[in-house]
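Below is one structure, written out as structure tokens; the observations come after it.
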Protein chains: 2
Amino acid sequence: MTKPRVTLKDIAGRVGVHPSTVSRVLNPKTRGMVNPEIAATIAETADKMGYRPNPFAYSLRTRRSFIIGVMIPDIANPVFPPIIRGIERILEPHGYAVVLANTDNSSERERVSIERFVERQVDGLITATSLLSDDFLVDLGADVPVVFVNRRAETPGVPSVVVNDAAGIAAIIEHLVSLGHRRVAHVAGPQLMSTGKIRYETFVEECRKAGLATDATLIEFTDAFMEGEGRRAATALLKREKFTAIVAANDLLALGCYGALADAGLVCGRDVSVTGFNDMPFVDRLQPPLTTVHIPLNEMGEGAARLLLDQLMENGSSETTITLQPELVVRASTGPAPKVAKK
Amino acid sequence: MTKPRVTLKDIAGRVGVHPSTVSRVLNPKTRGMVNPEIAATIAETADKMGYRPNPFAYSLRTRRSFIIGVMIPDIANPVFPPIIRGIERILEPHGYAVVLANTDNSSERERVSIERFVERQVDGLITATSLLSDDFLVDLGADVPVVFVNRRAETPGVPSVVVNDAAGIAAIIEHLVSLGHRRVAHVAGPQLMSTGKIRYETFVEECRKAGLATDATLIEFTDAFMEGEGRRAATALLKREKFTAIVAANDLLALGCYGALADAGLVCGRDVSVTGFNDMPFVDRLQPPLTTVHIPLNEMGEGAARLLLDQLMENGSSETTITLQPELVVRASTGPAPKVAKK
DNA sequence: CCGTGCCTTGCAAACGATTGCAGAAACTTG
DNA sequence: CAAGTTTCTGCAATCGTTTGCAAGGCACGG
């Protein structure tokens, strides 16, 4: 029993004008073209009849879908929901809908997601921590505006919003040094991702500057920013090295470290300190609460959405990269270095 | 430099047939109509030319968008991501894209979200823990199939997937009784939501059956399933009553109870036991780990998607309500009742 | 050899908007 | 008052599909 939708023609018939006139009235940009009196009548009856433009007809004609694709590794990772809400907060008022794609860190799934997006003719793309190289889109022959979030673009000119990873890592090292730690291990993120790479490089650099131990064996790389990998890496480190603290490249990896420490019968924050990165929701409620670097997730989303809008509206977008400042949050997972480095 | 998309006409021109023939070949249902040899040629060149159907033209003609709207309170609430992934796992292989709407528990925002969905001509709707009455859609004059998840429909015939709340609450009470608790408080959910209501009613019923205290003052209602409300409610309870355990209507409320206990200088799990509901991600890592009722979030999403597909395909869908069984998970937030009920 | 029916295929009309173009009416202006 | 200009509105094409209808070709039976 669907009551058929009201169309421009219906309104036109009612008012006694041509559909194109109705179209012009209903489009703010062209409304000025038509006689104000008639325009008022049209607008009124359109309203009265409950007119809703048919998005397909509109999109077919104008090739604008008002859909934005957002590609993330996994919505179940608490880092992403706030980013997404930030994106939606900005985009929704402009009439855009957001379609999500979870890739589970698989570059294959990234490919098909993007292909799906292009098929669906999204007007723009926001992609978080992607594995693919910058030019994945030109390969597809599509010129969809893209914004990276939490991933630095190699190509200059590709807009992205990132945090100052180096500053965050530096703050962590400084904090650990002030607590007396001298041998600090690093559970590094995937080096294919810009965040993983920069955090690792900064870690090495800052340790050197601070005069800390810089043995290569104090570092263990992971394949993915996931808890399981963190656990594996920390276990390996505990097996081969002595240290009093672990700097994990993000919170999820830190969570894995918690597990490894528990397995080893060590108390996190007393025997070994652990730090994370991101300050994702709920890490303040962990056992123990995690010392980490807070990054403004909401603003990252909003920034990405704004950069995208800039491109969509062809405003000579002034800025192309937004860098946000992180902030160290000290909680109970870090404490004074114990006298003797635990094995 | 967008290379213009390949259309049916392009292919037709290349092969030397009419576009409608190409259309028939590319549509599995009508492919049988056309000469197999020609069909093969067409399929091949379509493939070679990289044909991608224009979704707008298709939707305009057929009035199917292949978009499903999913309405939830807040994606940042860890209960929902697994549900959403479940939905997508089922829907995506059928070509459907999912558009999310966060309502922040505002019925006003629910209204506008639904209106947006209808405007966009979604093919179906899945809505989680909605405040609106069952018939919100008929008011809109739209006949979009709907499935409720985690919300019981009042109207019979409206498909929904829910968990057996009563069994969950019963298990909790049984557990608390076995630990020696006699005075148990309840932080009840909003009574406008079916889950809040059923859990509350079952709580009262089970307390009575088990011979526990049933003072009305042992119960405090909340306006929303949110941490802040849980904290407020638990604080109020602590101020006016004696009890040794709190049954919260869900995990978020339980989290609020944690806060209230900490404020009062009480140790959760020793002085006062706390239970939740849902077993959302990360509650096993809380301080202390939360005793709660596990519900299969992924399956809820999958079930909802399947029920929706049933409606979309007009299969005489056999079942209309899926009820999933919950399971008590005992962790450290519950312990033996202390000798003297804490005030 | 012709009528009947099936198998293919093309034609053209939708679906519901947007928009360049042209013409009619109204208004300036000298 | 004529010529030119502006303002408004309608016409019709277009976006890329799908699909009812009709017609051509061919085989077959009588």
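Model, not experiment: these values are computed from the prediction. Proteins come first, then strands; the chains are lettered A, B, ... in the order of their sequence lines, and each starts at number 1.
- Applying the 4.0 Å criterion to OP1 and OP2 of C:dG10, one finds that B:T21 has a side-chain N or O inside that range.
- Applying the 4.0 Å criterion to OP1 and OP2 of D:dT17, one finds that B:Y51 has a side-chain N or O inside that range.
- Contact check for A:Q311 versus A:P159: side-chain heavy atoms found under the 4.5 Å cut-off.
- When the nucleotides D:dG10, C:dA17, D:dT17 are ranked by their closest atom to the side chain of B:L8, D:dT17 comes out on top.
- B:T30 meets the side-chain contact (heavy atoms from CB on, under 4.5 Å) test with B:R24, B:N27, B:M33; sequence neighbours excluded.
- Here the side chain of B:S106 pairs a donor or acceptor atom with the backbone of B:R109 at under 3.5 angstrom.
- Nearest-nucleotide positions on DNA chain C place B:G32 closer to the 5' end than the other of B:G32 and B:S20.
- Backbone-only contact: A:T62 has heavy atoms under 4.0 Å from sugar-phosphate atoms and none from a base.
- Contact check for A:V147 versus A:L125: no side-chain heavy atoms found under the 4.5 Å cut-off.
- When distances are taken from the side chain of A:L60 to each of D:dC15, C:dT9, C:dA17, the shortest belongs to D:dC15.
- Heavy atoms of B:T7 sit under 4.0 angstrom from primed sugar atoms or phosphate atoms, though from no base atom.
- Among the protein residues, A:P55 comes within range of no part of the nucleic acid, since none of its heavy atoms lies under 4.0 Å from any strand.
- For A:R24 against D:dG10, a side-chain N or O and a base N or O form a donor-acceptor pair under 3.5 Å.
- Using a 4.0 Å heavy-atom distance criterion, B:R63 is classed as a sugar-phosphate-only contact.
- With D:dT17, C:dG16, D:dT19 as the candidates, the nucleotide lying closest to the side chain of B:A57 is D:dT17.
- As judged by a 4.0 angstrom heavy-atom cut-off over every strand, A:P19 is placed among residues making no nucleic acid contact.
- Remark: P of D:dG10 and NE2 of A:H18 are 7 Å apart, rounded to the nearest angstrom.
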